[in-house]
Amino acid sequence: MAKGYWIGRVDVTDPEAYTAYVAANAEAFRTYGALFLVRGAPPECVEGAARQRNVVIEFDSYEQALACYHSDAYTRARALRAHAGVSDLVIIEGYDGAQP
């Protein structure tokens, strides 16, 4: 079964509010087995537009990734992030097929 991923890009405009969001999202991430693969490292933007923070979070499955996003715990955390900056988030199923 392919894993699921969150890929987020954020420009933080209110660091205090963003810190509250990070503290609040931990409950949902623990519950759904989230594993941070990338968390806030400065990017080298080689194409397109960059954001300040980039995050890649792995889940055991695409279904788990979606369930985490739609959970009550993450909904509460997401409300804190709404005023903390500008963000893009995609949830995507990983690829486990043949490789070149």
Side-chain angles (χ1 to χ4, degrees):
M1 174 186 296
K3 295 189 181 255
Y5 297 89
W6 287 18
I7 302 171
R9 302 169 57 243
V10 181
D11 284 333
V12 176
T13 57
D14 182 341
E16 187 174 311
Y18 194 79
T19 298
Y21 159 72
V22 169
N25 70 28
E27 177 188 348
F29 290 162
R30 272 193 307 276
T31 299
Y32 290 91
L35 175 66
F36 282 89
L37 302 179
V38 175
R39 190 172 192 179
E44 176 72 25
C45 184
V46 296
E47 293 187 26
R51 292 212 185 263
Q52 296 168 341
R53 295 182 56 82
N54 297 275
V55 179
V56 178
I57 306 171
E58 180 181 83
F59 294 84
D60 285 339
S61 68
Y62 178 66
E63 292 75 20
Q64 283 291 97
L66 287 173
C68 182
Y69 182 81
H70 294 293
S71 70
D72 290 341
Y74 190 72
T75 297
R76 289 188 299 274
R78 191 173 67 236
L80 298 172
R81 190 193 71 215
H83 304 291
V86 178
S87 61
D88 304 311
L89 177 66
V90 296
I91 300 174
I92 191 165
E93 186 173 17
Y95 177 72
D96 65 356
Q99 297 292 335

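- In this structure, the ring of Trp6 has its center no less than 6.0 angstrom from the ring center of Tyr32.
- Grouping the Ile, Leu, Val, Met, Phe, Trp and Tyr side chains by contacts below 4.5 angstrom, directly or via other members, places Phe59 with Phe36.
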So Ile91 and Leu66, side chain to side chain contact (heavy atoms under 4.5 Å, CB included) or not? Walk me through it.
-> CA-CA 7 Å; Ile91 300 174; Leu66 287 173; 3.9 Å; yes
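- For Arg53, there are no salt bridge (charged side-chain N to carboxylate O under 4.0 Å, His left out) partners, not counting sequence neighbours.
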Which is it for Val22 and Arg39 under the side chain to side chain contact (heavy atoms under 4.5 Å, CB included) test, yes or no, and what are the steps along the way?
-> CA-CA 11 Å; Val22 169; Arg39 190 172 192 179; 3.4 Å; yes
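- The two residues Leu80 and Ala24 make their nearest non-hydrogen contact at CD1-CB, 3.6 Å.
- A salt bridge is absent between Glu93 and Lys3; no separation between the charged side-chain nitrogens and carboxylate oxygens falls under 4.0 Å.
- Taking every heavy atom of both residues into account, Ala34 and Ile57 meet most closely at CB-CG2, 3.5 Å.
- Other residues, nucleotides and ligands contribute at most 12 non-hydrogen atoms within 6.0 Å of the NE2 atom of His83.
- In this structure, CZ in Arg51 is found 11.0 Å from SG in Cys45, a value given to the nearest 0.5 Å.
- Here the shortest heavy-atom pairing between Pro43 and Gln52 reads CD-O, 4.2 Å.
- Tyr74 does not carry Arg78 over the face of its six-membered ring by the limits of under 6.0 Å from the centre and within 45° of the normal.
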